Trainee: 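Pasting in a structure now, in structure tokens, and then I'll have a few things to ask.
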Amino acid sequence: MQSAKQCSSTMLPEASRSVIAAAVDFGGTKLAIGLVDSMGQVLGSTQIATPGGGPAEVARVAADELIALSKRLGIDPASLSGVGATVPGLADTQSGVLRFAPTQGWRDVPFAAMLSEAVGLPAFIANDVNACAIAEQRVGIAKGCSNFLWITVSTGIGGALVLNGRLFEGSRSLAGEIGHMAVALDGPSCGCGRKGCLQAVASGTAILKVAIERGLDVSSGREVFERALAGDLRAIEIIDGAHAYIGLALSHAVNLLDLDMIVIGGGVAEGLDVTRLEREVSAHAITLPEHSPPVVRTTLQSQAALIGAGLLVF
């Protein structure tokens, strides 16, 4: 069942319409639809719950929403340059195939082709965190930065790398998976089947799980942060641990890649203290006295993935 839509839109001057792309941010629980210009500006957007059917149903619903949004903005959908989509899993950007979506349990889905057929436009896909990094490099706080790590700290933890000015995906599109870096070898099991992954000890899911185990009456990771700010010693200890684990993982990335910047985004990241994370990185990373990579928040906030999806077209 779809939730009520959350919409925003801006009427557009005629001259700008030839450089507009459709954008789809396909997540495990939400489906965000937007129109994005070549400068990375979101011209209009809408959000619904992710349809419960298969990939063809997701593509169909996305197409319907895109057509409706375009009409509200007075734009002929056929005039759009193409459609870009983020996907919640391993994406082969060259073939447009969603290799594996853990939440849905899908494997080897030709999602770009499905979306292209449904919308009637050329379609491109990318992993959601990779799209965030693309957006941040093109129009966000990392604009002009050649070497940086994007890290999403939310329900899970994901990462994306930009090296020498280009998104670095690796030979199997697995680069940047900082959420599965082992930081607590004797720690809890992760959804990937291994133990001690950063995601298993510092994600929103992990923070909530530990809080409940320690007797806190909370229902979200955000509430644990709020309890810590209010002085609850159990919550403070949990949040301290999350900062320590994330900072340790970031320091390993800095040591390995000589990064210039670390950009964090995601719902849980809003509660993190970036100054404290910088201290954790400095405590463990090998850096020069004149340069320790800053840890900064995304300037694109919750629209980073949608902007990145649109920019895939350009």
Side-chain angles (χ1 to χ4, degrees), residues 27-29 86-91 98-107 127-133 148-161 163 168-214 218 220-222 224-225 235 237-257 259 262-274 276-277 280-281 283-285 293 295 305:
T29 59
T86 71
V87 291
L90 178 60
L98 173 55
R99 290 300 183 193
F100 179 47
T103 302
Q104 288 78 14
W106 300 346
R107 289 186 181 275
N127 172 267
D128 48 5
V129 290
N130 284 353
C132 288
F148 72 91
L149 167 72
W150 164 283
I151 176 172
T152 296
V153 187
S154 188
T155 304
I157 295 179
L161 288 166
L163 300 176
F168 180 77
E169 297 181 280
S171 58
R172 287 169 294 278
S173 300
L174 291 171
E177 286 290 352
I178 194 170
H180 297 289
M181 181 181 289
V183 293
L185 294 180
D186 295 324
S189 297
C190 180
C192 71
R194 295 164 180 80
K195 285 191 172 184
C197 292
L198 180 63
Q199 180 167 289
V201 294
S203 65
T205 302
I207 288 170
L208 177 59
K209 180 180 179 181
V210 173
I212 292 173
E213 289 174 350
R214 297 187 184 181
V218 291
S220 69
R222 184 183 298 274
V224 182
F225 279 92
E237 185 178 2
I238 294 167
I239 300 305
D240 283 350
H243 278 90
Y245 284 127
I246 294 171
L248 181 61
L250 295 180
S251 73
H252 293 334
V254 170
N255 281 342
L256 185 64
L257 300 167
L259 300 169
I262 297 161
V263 185
I264 65 170
V268 174
E270 294 174 7
L272 294 172
D273 183 337
V274 293
R276 184 171 179 184
L277 289 176
E280 293 286 349
V281 170
H284 300 288
V295 179

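Since the structure is predicted, the reported quantities are computational estimates derived from the model, not experimental observations.
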Trainee: Under the side-chain contact (heavy atoms from CB on, under 4.5 Å) criterion, do L149 and L257 qualify, and how do the steps go?
Mentor: CA-CA 9 Å; L149 167 72; L257 300 167; over 6 Å; no
Trainee: Of all heavy-atom pairs between G266 and T152, which one has the smallest distance, and what is that distance?
Mentor: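 It is CA-CG2, 4.1 Å.
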Trainee: More than 12 non-hydrogen atoms from neighbouring residues, nucleotides or ligands closer than 6.0 Å to CZ on R214, yes or no?
Mentor: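 More than 12 heavy atoms, drawn from other residues, nucleotides or ligands, come within 6.0 Å of this atom.
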Trainee: Supply the atom-to-atom distance R222 CZ to E270 CD, rounded to the nearest 0.5 angstrom.
Mentor: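 Atom-to-atom, R222:CZ and E270:CD are 5.0 Å apart.
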Trainee: Look up atom NZ in K195 and atom CG in D186, then write down how far apart they are to the nearest 0.5 Å.
Mentor: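 Taking NZ in K195 and CG in D186, the distance rounds to 8.0 Å.
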Trainee: Nearest 0.5 Å, what's the CG-CZ distance between D240 and R276?
Mentor: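 Those atoms lie 4.0 Å apart.
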Trainee: Do you know the tightest heavy-atom contact between A131 and A305?
Mentor: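 The pair with the smallest heavy-atom distance is CB-O, 4.1 Å.
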Trainee: Of all the heavy-atom pairs spanning I207 and A202, show the shortest one and how long it is.
Mentor: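 For I207 and A202, the tightest heavy-atom pair comes out as CD1-O, 3.7 Å.
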Trainee: Quick check: closest heavy atoms across L90 and S173, and the distance to 0.1 Å?
Mentor: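 Closest pair (atom of L90, atom of S173, distance): CD1-O, 3.2 Å.
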Trainee: Once rounded to the nearest 0.5 Å, what's the spacing between atom CG of L250 and atom CD1 of I264?
Mentor: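 Rounded to the nearest 0.5 Å, the CG-CD1 separation comes to 8.5 Å.
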Trainee: Tell me whether T205 contacts the main-chain N or O of T155 through its side chain, where contact means a donor paired with an acceptor under 3.5 Å.
Mentor: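 Indeed, once roles are kept as given, a pair shorter than 3.5 Å links the two residues.
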Trainee: Can you tell me how far apart CG (L161) and CD1 (I151) are? Round to the nearest 0.5 Å.
Mentor: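 It is 10.5 Å, given to the nearest 0.5 Å.
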Trainee: Return the minimal non-hydrogen interatomic distance between N127 and G89, and the atom names on each side.
Mentor: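 Smallest heavy-atom distance, with atoms named: ND2-O, 2.7 Å.
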Trainee: Can you tell me how far CD of E177 sits from CG of L198, rounded to the nearest 0.5 angstrom?
Mentor: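 Going from the CG atom of L198 to the CD atom of E177 covers 11.5 Å.
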Trainee: Using the side-chain contact (heavy atoms from CB on, under 4.5 Å) rule, pick out the option among C197, S203, C190 that qualifies with I157.
Mentor: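 Exactly one pass, corresponding to S203.
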Trainee: So if I apply the side-chain contact (heavy atoms from CB on, under 4.5 Å) rule between F225 and each of I239, I238, V218, which one comes out positive?
Mentor: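 Filter result, single survivor: I239.
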Trainee: Heavy-atom distance under 4.5 Å between the side chains of V263 and W150, does that happen here?
Mentor: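 Side-chain contact under 4.5 Å: yes.
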Trainee: Strictly distance-based, threshold 3.5 Å: is any side-chain N or O of H243 a donor or acceptor partner for the main-chain N or O of D273?
Mentor: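 Here the side-chain-to-backbone pair exists.
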Trainee: Restricting to non-hydrogen atoms, name the atom on V201 and the atom on P188 that form the minimum distance, rounded to 0.1 Å.
Mentor: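 Looks like CG1-CD, 3.6 Å.
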